[in-house]
Amino acid sequence: MPELPEIETSRRGIEPYLVNHKIIKAIVRQPKLRWPVSPQIIALENQPVLSVQRRAKYLLIELPDGWLVGHLGMSGSVRILPEFLEAGKHDHVDFLISGGKVLRYTDPRRFGAWLWADDLETCSALKHLGPEPLSDEFSGAYLLKKSQGKKTLIKPWLMDNKLVVGVGNIYASESLFEARISPLRAAGTLTGSEADNLALTIKRVLQRSIEQGGTTLRDFLQADGKPGYFAQELQVYGRTGEPCHACGELIESEKHGQRTTFFCRHCQR
DNA sequence: CGGAGGACCTGAGAGC
DNA sequence: TGCTCTCAGGTCCTCC
């Protein structure tokens with residue numbers, strides 16, 4: 001499911017229900033996720049939530065003694081239930097919140113994770129991540145420097161978390177289209193002005209999607225159960241064979257490393 | 001080292 | 001209807 005805008009949408013959705021409340025306990029129905037659910041989570045009792053943050057595609061829930069580190073994988077979502085409701089087949093973890101509401105994690109494919117971290121600096125899941133795309137550190141100059149000599153295709157290169165986090169399969173294709181850069185080029189062929197443009201475009205596309213509540217393709221829902229509306233603004237993703245909104249030529253798709261890339265051969269050079 | 005590919009897991013939809 | 005195949009928003013691991 002989710003790329004950065006969907007995680008940020010989820011974070012904003014759950015934050016007001018958690019901060020200044022306590023997590024009474026966690027109910028873990030299925031501990032076998034991407035990694036086993038951490039024992040510290042299973043043992044949680046009556047902990048006040050200090051903050052709800054995000055790093056890359058991880059949700060970070062701050063407790064007095066450490067952090068709940070959640071990842072939604074490909075198909076995961078979190079939502080707030082007004083009260084405890086019977087769990088479905090894929091409702092793997094509930095966090096019971098003081099006052100009676102429930103933070104429920106649902107994930108059919110179980111590629112997600114719920115881990116405990118004593119502190120964020122030493123958390124192995126977070127340690128090797130590149131810069132946040134919406135931070136000042138992520139710039140055209142940064143992209144240009146990193147691209148030097150790279151033979152990888154630009155599109156899978158953008159999806160590498162060591163380069164920049166949060167850009168997944170949807171937004172990699174969308175950003176390259178908006179920047180009019182062909183995904184078929186090697187990363188090392190980026191010019192300075194293209195790198196500047198690409199960095200700005202990635203920020204703009206992600207920001208706009210966050211404002212729309214993310215992209216709902218099939219199962220992603222915001223924490224209140226509503227879909228995200230950015231799907232209506234997708235220019236190339238999922239539009240193989242349909243006319244390009246800019247030039248009318250047909251959108252093409254190709255597989256690069258197991259993932260489909262969508263692009264307009266005429267607009268993107 | 002960089003880069004390619006398989007692995008994890010389930011469900012939806014297409015085609016026969 | 002039901003089987004088989006392909007595809008899906010992520011990322012870690014191994015192999016060359």
Side-chain angles (χ1 to χ4, degrees), chain A residues 1-11 29-37 54-59 69-78 88-93 105-115 123-130 133 146-176 183-188 202 205-206 209-210 212-222 227-241 253-262:
Chain A
M1 82 112 108
E3 300 183 35
L4 186 147
E6 291 74 44
I7 308 301
E8 180 59 24
T9 295
S10 299
R11 189 198 69 74
R29 296 180 198 84
Q30 172 55 279
K32 286 156 68 179
L33 304 178
R34 174 80 204 250
W35 301 284
V37 174
R54 178 190 59 73
R55 170 73 173 111
K57 296 172 191 166
Y58 291 89
L59 285 168
V69 178
H71 197 288
L72 303 182
M74 289 269 264
S75 58
S77 60
V78 285
K89 186 175 174 186
H90 304 301
D91 298 334
H92 304 310
V93 181
Y105 160 73
T106 304
D107 188 356
R109 292 175 75 180
R110 290 196 271 127
F111 284 176
W114 283 97
L115 302 173
C123 176
S124 58
L126 306 176
K127 242 190 312 196
H128 304 291
L129 295 174
K146 287 293 203 176
S147 67
Q148 300 299 306
K150 284 278 186 286
K151 293 174 188 165
T152 325
L153 297 182
I154 291 188
K155 196 275 199 156
W157 178 68
L158 283 180
M159 293 173 65
D160 181 349
N161 278 336
K162 293 192 285 303
L163 176 75
V164 59
V165 300
V167 181
N169 206 34
I170 297 177
Y171 299 107
S173 281
E174 289 296 308
S175 298
L176 285 167
L184 309 180
R185 285 169 50 185
I202 288 170
V205 169
L206 292 175
S209 181
I210 290 170
Q212 299 290 314
T215 300
T216 296
L217 295 181
R218 22 192 97 68
D219 44 15
F220 173 72
L221 297 175
Q222 303 187 52
Y229 300 102
F230 193 71
Q232 300 165 13
E233 296 190 26
L234 295 177
Q235 301 294 306
V236 290
Y237 186 89
R239 299 193 62 243
T240 312
S253 56
E254 284 184 15
K255 283 265 188 189
H256 303 132
Q258 312 289 100
R259 315 304 296 279
T260 308
T261 300
F262 301 87

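Residue numbering restarts at 1 for every chain, and letters A, B, ... go by the order of the sequence lines. None of these values were measured; they are calculated from a predicted model.
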Sub-4.5 Å side-chain heavy-atom contact between A/P183 and A/I154: no
C/dC7 to B/dG5 separation - P atoms, rounded to the nearest Å: 15 Å
P atoms of C/dT11 and B/dC1, separation to the nearest Å: 22 Å
With 3.5 Å as the limit, what N/O pairs link the protein to nucleotides 10-12 of chain B?
unit_1, atom_1, unit_2, atom_2, d
B/dT10, OP1, A/R110, NH2, 2.6
B/dT10, O4', A/P108, O, 3.4
B/dG11, OP1, A/K89, NZ, 2.9
B/dG11, OP1, A/H90, NE2, 2.9

By the 4.0 Å heavy-atom rule, please label [X] as base, sugar-phosphate, or nothing.
X: A/F230; answer: nothing
X: A/K162; answer: nothing
X: A/D107; answer: nothing
X: A/Y237; answer: sugar-phosphate

Of all heavy-atom pairs between [X] and [Y], which one has the smallest distance, and what is that distance?
X: A/P36; Y: A/L115; result: O-CD2, 4.0 Å
X: A/D107; Y: A/F111; result: OD2-N, 3.5 Å
X: A/G76; Y: A/P2; result: O-CG, 4.1 Å
X: A/T260; Y: A/S253; result: CG2-CB, 3.7 Å
X: A/L234; Y: A/T215; result: CD1-CG2, 4.0 Å

side-chain contact (heavy atoms from CB on, under 4.5 Å) partners for A/K89, two or more places apart: none
Residue list, side-chain contact (heavy atoms from CB on, under 4.5 Å) with A/V165, at least two apart or on another chain: A/R55, A/A56, A/L129, A/E132, A/P133, A/N161
Please write out each protein N/O paired with an N/O of nucleotides 3-5 of chain B under 3.5 Å, distance rounded to 0.1 Å.
unit_1, atom_1, unit_2, atom_2, d
B/dG3, OP1, A/K151, N, 3.0
B/dG3, OP1, A/T152, N, 3.4
B/dG3, OP1, A/T152, OG1, 3.3
B/dG3, OP2, A/T152, OG1, 3.0
B/dG3, O5', A/T152, OG1, 3.4

Aromatic-base stack, A/F111 on B/dC8, cutoff 5.5 Å, angle under 30: yes
Rounding to an integer number of Å, can you tell me how far [X] [atom1] sits from [N] [atom2]?
X: A/R259; N: C/dG10; atom1: CZ; atom2: P; value: 5 Å
X: A/L126; N: C/dC12; atom1: CG; atom2: P; value: 10 Å
X: A/E174; N: C/dG9; atom1: CD; atom2: C1'; value: 13 Å
X: A/K146; N: B/dC1; atom1: NZ; atom2: P; value: 13 Å
X: A/L163; N: C/dG10; atom1: CG; atom2: P; value: 15 Å
X: A/N169; N: C/dA8; atom1: CG; atom2: P; value: 8 Å
X: A/I170; N: C/dC7; atom1: CD1; atom2: P; value: 17 Å
X: A/N161; N: C/dG9; atom1: CG; atom2: C1'; value: 13 Å

Residue list, salt bridge (Lys or Arg N to Asp or Glu O under 4.0 Å) with A/R239, at least two apart or on another chain: A/E242
Partner set under salt bridge (Lys or Arg N to Asp or Glu O under 4.0 Å) for A/R185, not counting sequence neighbours: A/E194
Sequence-distant partners of A/W157, ring pair (Phe, Tyr, Trp, His ring centres under 6.0 Å), two or more places apart: none
Atom pairs, N/O to N/O, protein against nucleotides 13-16 of chain C, distance under 3.5 Å?
none

A/H71 vs C/dT11: side-chain N/O to OP1/OP2 distance below 4.0 Å: yes
Stem segments of DNA chain C by first residue number [Watson-Crick or G-U, under 3.5 Å, at least 3]: B:2-8 with C:10-16, B:10-16 with C:2-8
Among C/dG9, C/dA8, C/dT11, the one nearest A/K255 by side-chain distance: C/dA8
Set of side chain to side chain donor-acceptor pair (under 3.5 Å) partners for A/K57, sequence neighbours left out: none
Any residue meeting side chain to side chain donor-acceptor pair (under 3.5 Å) with A/S209, in chain and number order, not counting sequence neighbours: A/Y171
Straight-line distance of A/L33 CG to A/H71 NE2, nearest 0.5 Å: 12.5 Å
Listed once per pair and sorted, the salt bridge (charged side-chain N to carboxylate O under 4.0 Å, His left out) pairs that draw on residues 147-160 of chain A, sequence neighbours left out: A/D160-A/K162
